[in-house]
Amino acid sequence: MSATAAPIVDDTPPTPRSSRRERTGWYFYDWANSAFQTTVITVFLGPFLTTVAEQAAGCELGADSCVGYVYPLGIKVAVGSYYPYLISLSVLLTVFVLPVVGAVADRTRHKKRLLAAAAYVGAGATVAMAFVTGERYLLGGALFLVANIAFGAAIVVYNSFLPQLGGPDDRDGISSRGWALGYLGGGLLLALNLAVVTAFTEEGNPQRTLDLARWSIVSAGVWWAAFTLVPLRWLREHPTAAALTSGGNVLTDGFRQLGRTLRQLRAYPLTLFFLLAFLVYNDGIATVITLSSQYGTEELRLTQSTLIITILLVQFLAFGGALLLGALARRIGAWKTVLLSLVLWIAVVIAAFRLPAEAPLPFMALGAAIGLVLGGSQALSRSLFSQLIPAGKEGEYYGFYEISDRGTSWLGPLAFGLVFQLTNSYRVGLVSLLIFFVVGFVLLLAVPMRRAIVAAGNRPPRVL
């Protein structure tokens with residue numbers, strides 16, 4: 001009598017299903033939170049808090065230069081260093097906060113409440129910038145820390161919904177549409193704020209300029225809070241198995257689960273290797289975006305109006321770029337598309353090195369190229385990583401992903417700064433960033449994506 005063959009068991013998680021309404025709700029959180037990134041972080045907050053710190057240091061409002069110091073917690077800080085130090089401190093704190101938030105997100109049955117809590121704490125702190133007047137630089141710094149940490153926490157929870165909204169073949173398109181809508185929303189509010197600032201600024205009235213910057217920051221908090229209502233209304237809860245069986249305190253369970261995950265990370269070395277590749281090339285992307293204005297003003301001697309137009313150009317073209325690369329990913333796969341985008345980033349850096357000074361049109365053309373490649377490379381990296389996460393641990397792993405996104409953003413600026421200090425050349429400093437894109441490309445190319453996805457217990461998409 002012949003033995004009966006053992007049944008083949010497919011232990012990969014079932015393909016998630018979601019409605020168009022739910023996916024649209026998810027897209028709208030990108031629309032909601034991008035206002036904070038563009039209006040607050042990219043344009044207004046740095047100059048605003050620096051000016052407030054200068055007033056606290058006794059500098060005259062509107063002075064061309066000021067060498068002064070403030071003393072937060074008794075520490076002597078140059079006014080020009082106050083905002084960069086705040087960014088560094090917020091990044092340090094997020095390293096500890098984000099994985100915990102992700103672990104809690106995986107253990108709770110009410111993930112939307114966690115998203116709401118993080119989003120509204122961040123939006124509330126941003127709106128409270130209305131009270132940062134006169135010399136209240138400490139209040140401004142504290143509110144920024146709260147807002148920026150809450151922003152990162154909300155992103156972790158938001159990203160953890162992605163694997164639950166579609167199967168392996170759907171996530172690239174879902175992620176790209178969300179990222180595209182985010183660039184469109186962030187660009188729209190920024191354009192409105194810049195139009196208001198331009199229309200109402202008075203020559204010789206620096207207080208008016210400062211007030212307009214403050215209310216522009218507040219508008220981003222209002223925008224963030226208002227449009228967060230859409231995902232909170234349209235998203236559905238997708239509790240994990242751990243959440244359904246958890247009977248204890250979600251916070252303490254989250255801490256215990258985080259400890260177990262940290263111990264088990266070595267079981268997924270290919271997922272960690274992808275995170276390393278992302279850490280390297282994303283740092284290059286972030287540094288190019290962060291330092292482009294400084295490069296334009298100091299090296300290329302371009303006007304403020306040229307920089308503003310270029311920033312808006314990048315925002316709106318990134319909308320189309322995210323959709324374009326998302327469509328390309330459907331044909332050749334997300335992994336190959338991200339690799340192609342890194343080749344394009346290398347070309348962008350080389351082109352930036354060769355830009356002539358005092359020539360706005362070539363700079364704007366380069367900004368257009370950045371916009372087309374920027375959104376797609378980030379959106380597809382997010383969806384690629386979703387394939388490498390063990391089922392039920394989306395929040396935790398996106399916590400580590402967000403740390404890779406934000407927690408090492410000092411490496412590129414450090415390399416740029418060191419090269420500039422040695423050569424006194426912004427152009428050579430910019431070229432030093434090529435190392436991030438070249439090494440990131442090589443590391444990502446070395447990731448066996450299909451094997452890495454299977455090792456995480458997931459089904460690979462048809463095209464990679």
Side-chain angles (χ1 to χ4, degrees), residues 30-31 33-47 176-199 201 213 216 219-220 223 282 284-328 340-380 412 426-427 430 433 437:
D30 252 321
W31 172 282
N33 74 69
S34 292
F36 178 80
Q37 186 67 42
T38 53
T39 290
V40 179
I41 301 297
T42 303
V43 178
F44 288 105
L45 187 64
S176 296
R177 286 189 287 274
W179 215 284
L181 198 63
Y183 275 111
L184 187 61
L188 178 60
L189 182 65
L190 179 59
L192 291 173
N193 279 321
L194 290 174
V196 170
V197 170
T198 302
T201 295
S216 295
S219 74
W223 179 286
N282 188 68
I285 294 172
T287 305
V288 170
I289 298 304
T290 301
L291 298 177
S292 57
S293 293
Q294 183 179 5
Y295 184 71
T297 54
E298 299 297 330
E299 180 67 29
L300 304 181
R301 301 188 295 278
L302 298 172
T303 63
Q304 190 68 27
S305 60
T306 297
L307 297 177
I308 289 173
I309 292 171
T310 306
I311 289 172
L312 292 175
L313 196 63
V314 169
Q315 284 294 127
F316 288 114
L317 284 178
F319 166 76
L323 296 178
L324 180 65
L325 290 188
L328 182 62
L340 175 62
S341 76
L342 295 181
V343 174
L344 297 176
W345 273 110
I346 292 171
V348 162
V349 173
I350 294 173
F353 173 78
R354 299 176 62 88
L355 281 178
E358 300 179 1
L361 289 180
F363 184 78
M364 291 179 187
L366 188 66
I370 288 175
L372 288 174
V373 72
L374 173 64
S377 54
Q378 293 177 317
L380 293 175
Y426 283 101
R427 292 184 187 270
L430 186 68
L433 300 180
F437 295 109

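These values consider heavy atoms only, across backbone and side chains, with no hydrogens, waters or symmetry-generated copies.
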To the nearest 0.5 angstrom, please state how far the [atom1] atom of [X] sits from the [atom2] atom of [Y].
X      : Y      : atom1 : atom2 : value
Asp30  : Gln37  : CG    : CD    : 11.0 Å
Leu433 : Ile285 : CG    : CD1   : 11.5 Å
Leu324 : Leu317 : CG    : CG    : 11.0 Å
Thr306 : Leu361 : OG1   : CG    : 8.5 Å
Leu194 : Ile311 : CG    : CD1   : 7.5 Å
Asn282 : Leu342 : CG    : CG    : 10.0 Å

- prompt: Checking side chain to side chain contact (heavy atoms under 4.5 Å, CB included) against Leu190, which of Thr39, Val40, Thr42 comes through?
  reply: Thr39
query: Would you call Leu340 and Leu328 a side-chain contact if the rule is heavy atoms closer than 4.5 Å?
result: yes
Check: Phe44 and Val197 side chains under 4.5 Å, non-hydrogen atoms: yes
message: Between Val43 and Asn193, is the side chain to side chain contact (heavy atoms under 4.5 Å, CB included) condition met? List the steps.
response: CA-CA 10 Å; Val43 178; Asn193 279 321; over 6 Å; no
For residues [X] and [Y], report the shortest heavy-atom separation together with the two atoms involved.
X      : Y      : result
Gly367 : Thr310 : CA-CG2, 4.0 Å
Leu188 : Phe316 : N-CZ, 3.7 Å
Trp223 : Gly185 : CZ2-O, 3.6 Å
Leu312 : Gly187 : CD2-O, 4.0 Å
Leu323 : Ser176 : CD2-O, 4.3 Å
Gln378 : Tyr183 : OE1-OH, 2.8 Å

task: Evaluate side chain to side chain contact (heavy atoms under 4.5 Å, CB included) for Trp345 paired with Val288, printing each intermediate quantity in order.
output: CA-CA 9 Å; Trp345 273 110; Val288 170; 3.9 Å; yes
query: What do the steps show when you test Leu325 against Trp179 for side chain to side chain contact (heavy atoms under 4.5 Å, CB included), and what is the final call?
result: CA-CA 11 Å; Leu325 290 188; Trp179 215 284; over 6 Å; no
message: Looking at Ser377, is its backbone amide N or carbonyl O close enough to the side chain of Ser341 to form a donor-acceptor pair, meaning the two atoms are under 3.5 Å apart?
response: no
task: Evaluate the criterion side chain to side chain contact (heavy atoms under 4.5 Å, CB included) for residue pair Phe363 and Leu307; output intermediate values, then yes/no.
output: CA-CA 9 Å; Phe363 184 78; Leu307 297 177; 3.7 Å; yes
